[in-house]
Amino acid sequence: MELQQLAKTILYTPTLEARFFLPEGGLTSLTDHDPGKPQPWIEPLRPENLQIAPKKKRKSLPHPSSLHDPAMRVRCLHTFANHEMMALELMAWALLAYPDAPPAFRRGMAWLIQEEQRHLALYIERIEDNNACFGDLPVNDHFWRIAPLLDTPLKWVCALNLTFEQANLDHAPVFARYFRKAGDEKSAALMDQIVEDEIKHVGFGVRWLRHFSNGVLSDFETFTQNLNDYMGIERAKGDEFNVEARRLAGFDDDFIQALKTA
Ligand SMILES: [Fe+2]
Ligand SMILES: [Fe+2]
C-alpha cells in the first residue's frame with residue numbers, strides 16, 4: 001500500500017477503527033512510489049460521537065489537582081485521547097500535503113502515525129477502565145484549526161513536534177505526578193510512557209528543523225519564524241520547564257535557554 005492511501009484511509013473513513021488502520025505487513029510494507037500532488041486540508045470524516053462539538057458544549061481540561069474525582073479523570077483522559085487522534089490525523093494529512101518532502105521525512109511521518117495510534121489505544125483503554133467510552137464527551141478541534149496554515153513541512157514540524165509535543169514534555173510529568181497522587185497508578189504510568197515517547201517525537205522535529213533551516217538562522221530563530229498566527233511561543237512550554245527532556249530530544253543549550261526565558 002502507498003503512504004498516500006494509508007493517509008486517505010485514516011482521514012476519510014468515518015470510523016474510530018480507521019484511525020488505527022495500518023496495512024497487514026506493517027510500516028515496512030508501505031511504499032511511496034506515487035506521493036501525488038499537494039492536497040489542501042479537508043476536515044477528516046469522523047463517526048457521529050466524535051464530531052467537533054460547538055464551543056459552548058466543550059469541556060475544559062480539568063486542573064490536575066482534581067484527578068481524585070473519577071469524572072475528572074475521565075474528562076482528562078478523554079481530552080488527551082482527542083489530542084492523540086488529532087495529532088495522528090494531522091500526521092496522515094502531512095503525507096497528502098507534502099508529497100515533495102524527503103522520503104525519510106515521509107517514512108518518519110508513517111512511524112509517528114503508528115506511535116500516536118498506540119497512544120490513542122492506551123488512552124481509550126484507560127477511559128474504558130473508568131467505565132466510560134471515547135466519544136462520550138464533546139471534543140474540540142484544537143489542532144485542526146491550525147492545519148490550513150501549515151503550508152510547508154517546516155511549519156508542520158514547528159507546530160506539531162516543536163510546539164504541541166514539546167509542551168507535553170512539561171505537561172505530561174505534571175499529570176503523571178497528580179495521577180499518582182490520586183492513586184491512579186495506571187494512568188500515571190501511561191503519562192510516564194508518553195513523556196518517554198514524546199522525547200523521540202520532539203527529536204524527530206529537532207532533526208527536521210535543522211534539515212529544513214537555511215543554515216543562517218539559529219534553531220531558535222528558525223523555530224520562531226515558522227510558528228503560525230494561532231501559536232505564540234509560550235504554547236511550546238508548560239509551567240514546569242523540563243530541561244532534561246529537551247536535552248534528550250536533541251535541543252542545544254542555546255535553544256533551551258532562549259525558550260525558557262522567552
Ligand atoms: Fe502521543
Ligand atoms: Fe507524540
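Just follow the structure's listing: the first ligand is 1, and inside any ligand the first atom is 1.
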Protein N/O/S atoms closer than 2.8 Å to the Fe ion (ligand 2):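 Short answer, with waters excluded from the count: E116 OE2, E165 OE2, E198 OE1, H201 ND1.
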Could you tell me whether the side chains of Q166 and R246 share a donor-acceptor contact shorter than 3.5 Å?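 The answer is yes; a qualifying pair exists.
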Side-chain H-bond candidate by donor/acceptor type, E165 with N161, under 3.5 Å: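 Side chains of E165 and N161: pair found under 3.5 Å.
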Once salt bridge (Lys or Arg N to Asp or Glu O under 4.0 Å) is applied, do any residues pair with R126, and if so which ones, sequence neighbours excluded?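 Residues passing salt bridge (Lys or Arg N to Asp or Glu O under 4.0 Å) with R126: D129, D184.
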Give, for atom CG of L112 and atom CE of M91, the distance between the pair rounded to the nearest 0.5 Å.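 L112 CG to M91 CE: 4.5 Å, rounded to 0.5 Å.
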Establish, for the pair R73 and F179, whether the NZ or CZ atom is under 6.0 angstrom from the six-membered ring centre and no further than 45 degrees off its axis.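 Judged by the rule (NZ or CZ under 6.0 Å from the ring centre, within 45° of its axis), R73 is not positioned above F179.
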Report yes if the distance between the aromatic ring centroids of H201 and H119 is under 6.0 Å, otherwise no.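 Yes, the ring centres sit under 6.0 Å apart.
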